[in-house]
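So you know, we letter chains A, B, ... as the sequences are listed, proteins then strands, and number each from 1. No hydrogens, no waters, no symmetry mates; every other heavy atom, side chains included, goes into these values.
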Number of protein chains: 2
Amino acid sequence: MAKPSGVVTMADVARSAGVSTMTVSNVINGRPRVGAATRERVLAAISDLGYQVNLAARHLRAGRTGVVGLAVPELERPYFAQLAGRLADRFEAHGLRIVMERTGASREGELDAVAFSRLRMYDGLILSVVDIDPAELGQLRTDAPVVMIGERALPSRFDHVMMDNVDGARQATAHLLATGARRIAMLGGDLVGSATMPALRAQGYALAHAEAGVPVDPELNVRTRFGLRDGYQAIRSLLEQGSEFDAVFALTDVVAMGALRALADAGLRVPGDVQVVGFDDIDEAAYLVPALSTVNPGHEELADLITALLTAQITGGPTGDPQEVVVPARLIQRGTTTPLD
Amino acid sequence: MAKPSGVVTMADVARSAGVSTMTVSNVINGRPRVGAATRERVLAAISDLGYQVNLAARHLRAGRTGVVGLAVPELERPYFAQLAGRLADRFEAHGLRIVMERTGASREGELDAVAFSRLRMYDGLILSVVDIDPAELGQLRTDAPVVMIGERALPSRFDHVMMDNVDGARQATAHLLATGARRIAMLGGDLVGSATMPALRAQGYALAHAEAGVPVDPELNVRTRFGLRDGYQAIRSLLEQGSEFDAVFALTDVVAMGALRALADAGLRVPGDVQVVGFDDIDEAAYLVPALSTVNPGHEELADLITALLTAQITGGPTGDPQEVVVPARLIQRGTTTPLD
DNA sequence: TTGAAAGCGCTAACAT
DNA sequence: ATGTTAGCGCTTTCAA
């Protein structure tokens with residue numbers, strides 16, 4: 001029977017089986033030196049009492065949880081949700097579980113909520129950095145396994161896996177230009193910043209223009225957030241202010257989805273009147289009608305690298321110099337752009 | 001300076017500030033009886049040393065972590081990702097953080113991975129039950145705050161928040177029938193089971209048919225999983241086997257998206273040739289072209305209820321009889337169905 | 001207002 | 001093969 005409190009401890013099991021807590025611990029953790037008869041008795045007592053290990057206690061003592069944290073800006077962004085699924089598959093193979101939490105895309109969220117304390121509940125952390133300042137990275141615990149993902153950050157002492165934002169955006173824009181587009185609206189870009197996702201993708205956009213000798217019209221960039229509604233509104237405002245454009249480069253597929261809806265509402269045909277390219281190659285992109293042309297940032301490679309780097313840190317401790325890896329991106333042509341022949 | 005290990009404990013801070021660990025604890029937890037000067041000194045030492053509380057230790061001793069677990073079948077399913085976002089907003093207002101993990105939709109995952117042990121790391125758990133057996137529910141720790149979500153389960157001693165799967169599906173199907181559809185393909189339904197989501201939604205489908213006096217043709221139900229590709233394949237197989245249908249009830253919006261793509265590939269127009277209704281009202285539904293008619297399961301009410309029930313348990317202990325609440329669903333008519341005039 | 005002592009449940013290290 | 005001792009870092013008494 002359970003104690004009045006309802007919580008059964010290892011000591012209760014030990015008492016009930018007539019052994020020491022150490023023996024119970026050995027049985028639970030599958031350690032070898034336990035007699036068969038004793039093991040049976042302990043197992044019986046465990047199922048009798050409905051005992052479950054207290055992970056907090058184990059963690060406190062053993063210093064590991066078997067849990068890897070994944071901290072992302074928003075839980076509901078398909079890109080991150082799908083990344084989480086891929087990572088969960090991979091880490092499972094290493095006996096580790098992924099748990100996902102959100103930072104709110106704020107410096108505060110990224111530092112305070114995740115790095116400062118929660119880290120202690122994880123064996124390792126995968127942190128999607130959006131708004132953090134490289135200087136503040138120094139505040140993170142030095143010895144905890146961390147892999148950063150996301151935009152290019154200044155050199156830090158953490159492993160860092162990145163997609164090729166600039167080149168991906170360059171490919172997308174170049175394709176649009178090659179098919180004859182000359183006035184390409186950009187949804188969500190940042191033409192002035194430097195190391196954030198919106199800035200990097202805008203750089204690729206500008207680069208493709210430069211390579212093609214086509215001037216960039218800043219009026220065609222709409223600063224916006226990255227929800228469905230944001231993409232919708234961006235097209236609306238472009239239309240309302242009378243801007244002319246023959247193509248759209250949306251900084252994310254989600255924004256592209258919002259844009260496609262707004263274009264349809266305005267009676268503009270895709271790709272006949274306006275071509276559209278997104279970025280991220282989320283699962284939904286291939287299933288839209290017409291299917292969304294987009295940039296695949298290298299999902300599998302990213303997930304493989306993140307897993308390899310973090311498990312190496314977890315099992316091997318600090319692994320020399322921090323790695324900084326960029327995974328190549330590639331354009332996926334689908335129905336929202338005109339094929340080149 | 002940190003100890004050689006790199007881990008700064010409360011004792012280090014206490015030593016550095018010339019106080020006891022108890023005073024440090026009091027400062028950190030904002031407890032009243034601490035002198036202003038002492039508080040300053042402690043705070044200075046904390047930021048000096050880069051101290052962070054060890055949540056495992058706190059949890060072990062105090063039994064709380066400030067973390068609420070959300071265990072769902074798949075991290076990447078938009079319905080759950082969007083639910084997570086809503087819950088995170090609400091729990092934040094209570095000073096609690098949501099972390100999300102997956103069960104893999106298996107009994108084993110739901111019981112073993114989540115309920116049995118991980119629960120010990122959370123102040124409370126929101127568990128999406130898919131495959132669990134009510135009998136096994138008895139094995140869960142009695143005293144931990146738990147709210148179950150999802151399908152109708154047999155009475156248990158846990159609070160349980162449900163959407164109205166049967167009535168939602170009934171509304172969707174009834175609308176299709178009212179607009180003249182007579183052969184409604186069902187994607188993902190389970191015509192024989194009883195208390196799972198596929199079975200409940202299939203019951204609503206059958207109920208609407210019965211009410212309209214239209215027979216159900218079991219050949220029009222395609223058993224399938226709930227990914228985009230699954231919806232796509234389901235339509236393909238229906239088409240290949242020559243089944244005729246004038247409407248589609250997809251058990252989830254994601255399946256509906258896959259179906260829409262397959263219909264377009266087959267040259268069938270929506271809603272002209274085939275009407276389509278989904279279920280879940282995920283954010284994407286409103287932005288598809290044409291926009292997806294679907295069933296809104298009451299997102300905000302569900303999130304409000306879950307939050308209220310769980311925070312009540314966390315702050316107030318066991319709250320008498322377990323609640324079982326069903327939130328009404330409502331049909332959202334959009335572009336994939338023919339409007340009734 | 002502050003501190004000392006005790007112990008949460010578990011496991012590493014060392015007996016036996 | 002099993003038990004004993006000690007202590008992970010924190011917070012709850014209770015005392016000063």
| task | For residues V72(B) and Y79(B), determine if any side-chain heavy atom of one lies less than 4.5 Å from a side-chain heavy atom of the other. | result | no
| query | Could you state the CZ-C1' distance from R39(B) to dT2(C), rounded to the nearest angstrom? | reply | 13 Å
| Looking only at side-chain N and O atoms, does T38(B) come under 4.0 Å of OP1 or OP2 in dT1(C)? | no
| Looking only at side-chain N and O atoms, does T23(B) come under 4.0 Å of OP1 or OP2 in dG3(C)? | yes
| said: Is the phosphate of dT12(D) approached by R58(B) (side-chain N or O, under 4.0 Å from OP1 or OP2)? | reply: no
| query | What is the distance from CG of N29(A) to P of dA12(C), rounded to the nearest Å? | reply | 7 Å
| Interatomic distance, M22(A) CE vs dA12(C) P [rounded to whole Å] | 6 Å
| message | Between R97(A) and E101(B) (salt bridge meaning N to carboxylate O under 4.0 Å), is one present in this structure? | response | yes
| request: Determine whether the side chains of R86(B) and T307(B) contain a donor N or O and an acceptor N or O closer than 3.5 Å. | output: no
| Does the base of dG9(C) carry an N or O that pairs as donor and acceptor with the side chain of R61(A) under 3.5 Å? | no
| task | Taking only the side-chain heavy atoms of Y51(B) (C-beta and beyond), determine which of dC10(D), dT11(C), dG9(C) contains the nearest atom. | result | dC10(D)
| Atom-to-atom span, CD of E40(B) to P of dT1(C) - whole angstrom | 15 Å
| message | So that I can tick it off, tell me whether D12(A) and R15(A) are bridged by a salt bridge, with the cut-off set at under 4.0 angstrom between side-chain N and carboxylate O. | response | yes
| Below 4.0 angstrom, N of the basic side chain to O of the carboxylate: do D48(B) and R41(B) qualify? | no
| query | Given dT11(D), is OP1 or OP2 found less than 4.0 Å from the side-chain N or O atoms of S25(B)? | reply | yes
| query | To the nearest Å, how far apart are R15(A) CZ and dG3(D) C1'? | reply | 16 Å
| remark: Which of dT12(D), dG9(D), dT4(D) is nearest the side chain of R31(B)? It is dT12(D)
| Could you give the CG-to-C1' distance, from N26(B) to dC10(D), as a whole number of Å? | 12 Å
| note | Rounded to whole Å, the CZ-P distance (R41(B) to dT1(C)) equals 15 Å
| First encountered from the 5' end of DNA chain C, between T21(B) and I28(A) | T21(B)
| task | Round to a whole Å and report the spacing from CE of M10(A) to C1' of dG7(C). | result | 17 Å
